[in-house]
Amino acid sequence: MLLVVAAAAIFHPETLADERFRLALLAHTALFGLSVGVPWGRLPRGAYAVIPVLDCLAIGFTRDAGGSNFSVLSLLLVFPVIWLSVDSNRSGVVLAVSATVLSTLLPAMAFGAPPSQGAMIRAIFLPLVMAAIAVTAHVVAGTLYRQRQTLVRKDEALADTVAESVHRQRLLDAVLSTVNVGVWVVDQDGHDVLTNEALRTDPALSGPAPSANRPRLFQADRATPVPPERYPTARAAGGETFTDELHWAGEGEDMRAYSVTARTMVSANGNHAGALITFAEVTALIRALSAKDNFVATVSHELRTPLTSILGYLELVLDEPGHEDIEEELRIVQRNANHLLGLVNDLIAVASERVELTLQEADVASLLAGVVASSHAKAAVSGVELVLDVEEPLTARVDPGRISQVFGNLVSNAIKFSPDGGRVTARAYRSNSHVVCSIADTGIGMDGQEQEQAFTKFFRSARSRETAIPGAGLGLPISKTIVEGHGGSISLRSAPGKGTTVTVSLPVS
């Protein structure tokens with residue numbers, strides 16, 4: 001359009017004096033400003049189409065206002081027509097042709113120009129030519145899109161191959177890292193094949209098999225002996241695999257904690273060939289975790305008292321007249337204090353691994369719908385589509401506030417971990433004597449190792465730290481504590497890049 005203005009100034013300066021031509025140029029300027037200034041990515045898909053449609057009209061008005069000397073401007077319709085036609089939806093082609101027809105008819109009607117032979121020819125053939133261009137652009141774009149999808153699938157297959165290579169590398173690293181822990185290899189009958197120096201020299205694990213002169217293994221409570229058939233070597237020899245099971249060995253004050261992991265080995269013909277068991281001493285870690293929980297619980301209790309006092313005095317201040325000019329600020333203080341008190345309560349609940357519940361008959365579907373409704377604004381900011389699929393009513397005996405807290409944590413996580421938009425689906429239905437609720441997203445997902453630690457207190461995945469996704473790592477642990485306090489269960493299913501589904505099952509009574 002700058003070239004058009006320059007050409008008009010050089011060859012037809014009288015055109016620039018035409019008020020209609022100036023208004024048409026102003027329309028182009030306004031469209032340029034809209035294209036640059038409006039955050040189209042935050043608007044519904046397809047909203048951008050208003051720009052090329054208006055562009056067609058602006059070109060038509062510019063052409064007619066410039067007269068026969070500017071009829072060549074019809075060629076500029078190619079740009080918005082192609083813009084609309086390359087969309088995967090066929091409606092873009094229809095919209096492109098319709099916009100071309102309007103660019104021919106509306107200016108003539110607006111300027112009151114009598115129909116001429118040239119105008120009639122343009123009204124007939126210009127839409128036909130643009131329709132041909134639109135169809136061609138649509139077909140070419142569709143072909144390119146399918147080729148791109150093929151490349152994407154190949155990239156995904158390549159990514160899976162790379163992921164498998166990374167997995168094998170991690171497995172190799174895991175084997176190499178066992179040199180610092182006790183390693184025990186047994187055959188399919190449970191006979192010793194290999195032990196490393198750490199296992200042989202550890203007095204507490206000089207041979208953790210039940211016998212009269214060897215130390216016994218105890219369960220996590222440090223008091224219940226492990227039956228011979230449940231010894232790690234016996235279970236691993238039988239083909240059972242397990243990860244990070246806690247066992248204690250030794251006697252009295254010399255007892256040590258070990259994290260025991262077992263992996264089966266398979267021969268070339270696919271038969272069970274034995275197992276690898278590792279014993280990693282975690283005595284200091286267990287004591288540190290216990291101290292941490294005690295510290296968190298103590299500090300949280302100490303914080304709750306002054307916070308409760310602060311909230312109480314805030315209520316008194318807000319109830320007293322004469323503070324209307326700072327009421328908004330006081331409300332902000334109150335809201336943040338309530339948020340902090342909720343976080344403190346969560347810390348106490350996580351540290352004590354129990355919550356106080358006030359059970360009553362409540363509609364779980366309604367609770368889920370309320371959480372979804374209150375999350376729409378947050379979802380819209382992230383470009384996430386929230387979908388609710390419930391069977392109403394779904395009555396169960398629950399603590400409405402705590403269950404709403406669980407749903408809020410899960411929906412909030414689903415939105416947070418879908419930073420590039422996507423869909424979050426909240427479902428609720430009855431299954432025998434349970435009410436089942438699931439929150440599924442199409443976000444970044446988690447790998448197997450992250451899933452194993454998802455319900456661990458304060459755990460945050462590497463991706464969430466790298467992308468600075470906010471959180472304290474308490475949402476899932478506190479949700480697990482609340483659900484299990486109701487006698488229910490919570491599970492998680494995820495895959496990297498494929499999203500996450502968290503399922504909550506609550507007994508009806």
So, the side chain of [X] versus the backbone of [Y]: is there a donor-acceptor pair under 3.5 Å, distance only?
X	Y	result
Thr241	Ala262	no
His247	Tyr231	no
Asp441	Thr500	yes
Asn432	His434	no

Exercise. According to the interplanar angle, ranging from 0 to 90°, do the rings of Tyr48 and Trp83 count as parallel (below 30°), tilted (30 to 60°) or perpendicular (above 60°)?
Worked result: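 Answer is parallel, since the angle falls under 30°.
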
Contacts of [X] that satisfy side-chain contact (heavy atoms from CB on, under 4.5 Å) - sequence neighbours left out:
X	answer
Ser374	none
Ser433	none
Asp187	Asp189, His191, Val193

Indicate every side-chain donor-acceptor pair of residues 143-154 with a distance under 3.5 Å to a residue at least two apart or in another chain.
{"unit_1": "Thr143", "atom_1": "OG1", "unit_2": "Val139", "atom_2": "O", "d": "3.0"}
{"unit_1": "Thr143", "atom_1": "OG1", "unit_2": "Arg146", "atom_2": "NH2", "d": "3.4"}
{"unit_1": "Thr150", "atom_1": "OG1", "unit_2": "Arg146", "atom_2": "O", "d": "3.0"}
{"unit_1": "Thr150", "atom_1": "OG1", "unit_2": "Arg153", "atom_2": "NH2", "d": "3.3"}

For this session: Using the side chain to side chain contact (heavy atoms under 4.5 Å, CB included) rule, take Thr261 and Ile277 through it: C-alpha gap first, then chi angles, then the decisive distance, then the call.
Result: CA-CA 6 Å; Thr261 298; Ile277 309 106; over 6 Å; no

For this session: May I have the step-by-step check of side chain to side chain contact (heavy atoms under 4.5 Å, CB included) for Val371 and Leu367, ending in yes or no?
Result: CA-CA 6 Å; Val371 170; Leu367 297 177; 5.8 Å; no

I need the minimum non-hydrogen distance between [X] and [Y], along with the two atoms involved.
X	Y	answer
Gly422	Thr442	CA-OG1, 3.4 Å
Leu357	Arg402	CD2-CG, 3.8 Å
Thr264	Gly239	CG2-O, 3.4 Å

For this session: Show your reasoning for whether salt bridge (charged side-chain N to carboxylate O under 4.0 Å, His left out) applies to Arg230 and Glu245.
Result: CA-CA 12 Å; Arg230 297 302 297 169; Glu245 287 196 356; 5.6 Å; no

For this session: Would you indicate whether Asn336, at its atom CG, is surrounded by more than 12 heavy atoms from other residues, nucleotides or ligands within a distance under 6.0 Å?
Result: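 Counting neighbours around CG of Asn336, more than 12 heavy atoms of other residues, nucleotides or ligands fall under 6.0 Å, so yes.
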
Exercise. With sequence neighbours left out, which residue pairs that include part of residues 494-507 fulfil the salt bridge (Lys or Arg N to Asp or Glu O under 4.0 Å) condition?
Worked result: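 Matches after skipping sequence neighbours: none remain.
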
For this session: Report the residues that fulfil salt bridge (Lys or Arg N to Asp or Glu O under 4.0 Å) with Asp244, sequence neighbours left out, ordered by chain and then residue number.
Result: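 Not a single residue meets the salt bridge (Lys or Arg N to Asp or Glu O under 4.0 Å) criterion with Asp244.
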
Problem set entry | Intermediate values then yes/no, side chain to side chain contact (heavy atoms under 4.5 Å, CB included), Arg430 and Val508 | CA-CA 9 Å; Arg430 189 178 300 278; Val508 173; 3.3 Å; yes

